[in-house]
Q: 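Just dropping this structure here.
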Amino acid sequence: MSIIATIMNSTTGQPIQKMTFGRMPKPWISFNLATGELVTADRVHVGKPAPGKFAAPVEVWVTPKG
C-alpha cells in the first residue's frame, strides 16, 4: 500500500507538490522534488482521517533552498 503525501514548505506554509511513497516516510527522509532539488524532511505530520474514510492525510514539511 503506497502513501500519498503532500509536500509542504516550512517557511511559507504552502503546499509544494504531492508525492507517493512506498511506505510511511521517516522524519529524516531525503528525496528530490519535481524541480530536481534534494531536500530533507523537517517533520512528518499524520492527520486524522475524515469521517467515514480510511486514509489519513500525510504532510511532509521541508525547507527548500531555492
Side-chain angles (χ1 to χ4, degrees):
M1 178 176 155
S2 60
I3 304 294
I4 299 173
T6 303
I7 310 302
M8 303 289 288
N9 188 330
S10 292
T11 55
T12 64
Q14 298 296 317
I16 299 173
Q17 68 183 47
K18 294 262 189 197
M19 185 173 268
T20 303
F21 294 95
R23 58 186 189 149
M24 184 61 76
K26 302 290 183 190
W28 56 83
I29 189 170
S30 293
F31 55 92
N32 288 322
L33 295 174
T35 60
E37 182 180 358
L38 180 66
V39 294
T40 302
D42 297 334
R43 64 187 172 111
V44 177
H45 180 261
V46 180
K48 294 176 71 173
K53 300 287 183 179
F54 175 72
V58 178
E59 296 174 345
V60 179
W61 291 80
V62 299
T63 305
K65 291 167 185 54

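Note that the structure is predicted; figures quoted are calculated from it, not measured.
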Q: Between Ser10 (side chain only) and Val62 (backbone N and O only), is there a donor and an acceptor less than 3.5 Å apart?
A: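 Yes, Ser10 side chain to Val62 backbone: donor-acceptor pair under 3.5 Å.
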
Q: Determine the minimum heavy-atom distance between Ala56 and Gly47, stating which atoms define it.
A: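 That closest heavy-atom pairing would be CB-O, 3.3 Å.
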
Q: For residues Pro64 and Ile16, report the shortest heavy-atom separation together with the two atoms involved.
A: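 Of all heavy-atom pairs spanning Pro64 and Ile16, the closest is CG-CD1, 4.0 Å.
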
Q: Can you name the closest pair of heavy atoms from Pro57 and Lys48 and give their distance?
A: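 It is CD-O, 3.4 Å.
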
Q: Distance from His45 atom NE2 to Thr6 atom OG1, nearest 0.5 Å?
A: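 Here the rounded value is 12.0 Å.
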
Q: CG of Asn32 to CG of Leu38: how many Å apart, nearest 0.5 Å?
A: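 The CG atom of Asn32 sits 5.0 Å away from the CG atom of Leu38.
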
Q: Between Phe21 and Val58, does the side-chain contact (heavy atoms from CB on, under 4.5 Å) criterion hold? Intermediate values first, please.
A: CA-CA 11 Å; Phe21 294 95; Val58 178; over 6 Å; no

Q: To the nearest 0.5 Å, what is the distance between CD1 (Ile7) and CH2 (Trp61)?
A: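 If I round to the nearest 0.5 Å, the distance is 11.5 Å.
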
Q: Which atom pair, heavy atoms only, marks the closest approach of Gly13 to Met8?
A: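 It is O-CE, 3.4 Å.
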
Q: Would you compute the distance between atom CD1 of Ile3 and atom OG1 of Thr20 and round it to the nearest 0.5 angstrom?
A: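 With rounding to 0.5 Å, CD1 (Ile3) is 9.5 Å from OG1 (Thr20).
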
Q: Compare every heavy atom of Val44 with every heavy atom of Pro27, then report the nearest pair and how far apart it is.
A: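 Minimum heavy-atom separation between Pro27 and Val44: CA-CG2, 3.9 Å.
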
Q: By side chain to side chain donor-acceptor pair (under 3.5 Å), which residues pair with Glu37, not counting sequence neighbours?
A: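 Once residues adjacent in sequence are excluded, Glu37 has no partner under the side chain to side chain donor-acceptor pair (under 3.5 Å) criterion.
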
